[in-house]
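Chain naming here is simple, since letters A, B, ... match the order of the sequence lines and numbering starts at 1 in each. A quick note: this is a predicted structure, and the numbers were derived from the prediction, not measured. Below, all heavy atoms of this structure are taken into account, side chains as well, without hydrogens, waters or symmetry copies.
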Number of protein chains: 2
Amino acid sequence: MAKQVSERADVLPLLGEVFREHGYEGASLARITAATGLGKGSLYHFFPGGKEEMAAAVLAEIDGWFEREIYAPLRDGADPAAAIDHMFAACDAYFRSGRRVCLVGAFALADTRDRFAVALRDYFAAWVAALAAALQRLGRTEIDAHAAAEAVVGAVQGAIVLARALGDTAVFTRLLGEARAAVTALV
Amino acid sequence: MAKQVSERADVLPLLGEVFREHGYEGASLARITAATGLGKGSLYHFFPGGKEEMAAAVLAEIDGWFEREIYAPLRDGADPAAAIDHMFAACDAYFRSGRRVCLVGAFALADTRDRFAVALRDYFAAWVAALAAALQRLGRTEIDAHAAAEAVVGAVQGAIVLARALGDTAVFTRLLGEARAAVTALV
DNA sequence: GTCTATAAAGCGATAGAC
DNA sequence: GTCTATCGCTTTATAGAC
């Protein structure tokens with residue numbers, strides 16, 4: 001389990017997995033130490049602000065990943081339709097067909113909502129805006145594109161909840177497939 | 001804040017609100033005491049199994065409420081279409097347009113998922129099955145009805161996540177309205 | 001930069017008086 | 001049935017050696 005890590009950026013993915021699996025409150029320093037192989041001394045050296053700074057750093061890293069991998073192609077990519085297809089494929093891979101929780105969504109349902117309010121709002125607002133931009137580039141009206149984008153992002157989050165509660169990854173794939181069909185049907 | 005309560009059933013709604021606001025781990029006995037007005041002695045008198053029994057009792061009460069108010073009319077009510085309309089209206093009221101979390105959905109995203117796995121699975125399975133039954137009674141095929149029911153239940157959960165993260169109840173109402181329109185369009 | 005030791009507080013749960 | 005006092009454990013965070 002112990003890993004040799006010497007850069008703050010290398011710890012973030014491991015940290016993210018602990019927060020995803022146990023939530024903010026359940027991610028005790030003992031579990032974080034076990035998952036990263038870093039003692040408290042090292043952790044507080046990298047994150048002087050303690051657990052709150054660790055979670056904030058993880059959220060920032062997640063936001064950066066989605067911006068790079070998903071939002072940017074939707075907004076600025078040469079082929080909006082291909083960017084939308086890529087988004088659905090990337091979501092299935094990233095959330096492991098619903099086995100892996102969306103940390104931002106999980107934080108939104110827990111009492112971490114207030115503490116990280118800005119990060120949560122920005123994450124979903126950016127996602128909806130990027131997808132709406134792609135749909136507009138495909139000819140949808142601004143209002144229609146925004147509504148459709150909201151529905152898709154909501155469907156992804158709902159699919160994660162359902163798949164985890166039912167213990168069934170097929171429902172995740174099914175719901176994402178329907179969302180994809182609905183949003184690409186009219187363009 | 002302190003209330004005079006003398007029956008176990010009277011405590012459950014207050015308990016539920018504490019779990020909803022703070023999650024399972026965040027719902028400390030101190031907070032539960034503050035919300036219910038009951039000391040630890042009384043709480044362990046009503047719930048000898050401690051916090052786990054409290055949460056299980058809350059989940060059971062929630063399941064009973066949905067069964068009575070939503071599932072039964074969908075399954076057995078005289079007017080399936082009216083039962084579906086009632087479901088959407090009841091959801092908007094129950095979840096306060098996304099201000100109030102679905103405890104079952106929140107538990108599914110947290111590490112409470114394994115501990116209460118059966119209750120979570122049953123809640124969503126019953127919801128999907130009841131809605132699918134209503135749609136079948138309206139003439140949809142079994143497969144089509146089941147898929148549509150999954151999409152609606154997922155949309156409700158996704159709408160809660162989005163509304164809470166964006167701090168915007170309008171998105172909840174909007175998404176539920178679209179889900180309702182989509183599911184009632186073809187019947 | 002990483003460790004151990006420890007502080008200070010909060011946790012769930014129990015015991016026993018009333 | 002409700003209370004207070006308390007146990008034993010875990011928590012986050014800090015201090016200081018190396």
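At a threshold of 4.0 angstrom between heavy atoms, the contacts of A:Lys51 are confined to the sugar-phosphate backbone, with no base atom among them. Within the nucleic acid shown, A:Gly41 comes within 4.0 Å of at least one base atom, counting heavy atoms only. Backbone-only contact: B:Gly39 has heavy atoms under 4.0 Å from sugar-phosphate atoms and none from a base.
Between A:Leu43 atom CG and C:dT4 atom C1' the separation is 14 Å, expressed in whole Å. Between the C1' atom of C:dG12 and the CG atom of B:Leu15 lies a distance of 15 Å, rounded to the nearest Å. Atom OH of B:Tyr44 is separated from atom C1' of D:dC7 by 13 Å (rounded to the nearest Å). One can place CD of B:Glu25 at 15 Å from C1' of D:dT12, the figure rounded to the nearest angstrom. Rounded to an integer number of Å, the gap from B:His45 NE2 to C:dC18 C1' is 15 Å. One atom, NZ of A:Lys40, and another, C1' of D:dT10, lie 9 Å apart when rounded to the nearest Å. Put simply, CD1 on B:Ile32 is 13 Å from C1' on C:dA13, counting in whole angstrom units. Look at NE2 on B:His22: it is 15 Å from P on C:dG10, rounded to the nearest Å.
For A:Ser42, no side-chain nitrogen or oxygen approaches OP1 or OP2 of C:dG1 to under 4.0 Å.
Using a 4.0 Å cut-off between a side-chain N of Lys or Arg and a carboxylate O of Asp or Glu, B:Glu53 and B:Arg8 qualify as a salt bridge. A:Glu67 has a carboxylate O that lies under 4.0 Å from a charged side-chain N of A:Arg75, or vice versa, which qualifies the two as a salt bridge.
Between A:Leu59 atom CG and A:Thr112 atom OG1 the span is 8.5 Å, to the nearest 0.5 Å. Note: B:Leu103 CG to B:Ile62 CD1 = 4.5 Å, rounded to the nearest 0.5 Å.
Checking D:dT2, C:dG12, D:dT11 against the side-chain heavy atoms of B:Ser28 singles out C:dG12 as nearest. Out of D:dT2, D:dA13, C:dT2, the shortest distance to the side chain of B:Phe46 is found at D:dT2.
Ring geometry for B:Trp127 against B:Phe124 counts as parallel: the plane angle stays under 30°, on a 0 to 90° scale with 60° as the upper cut.
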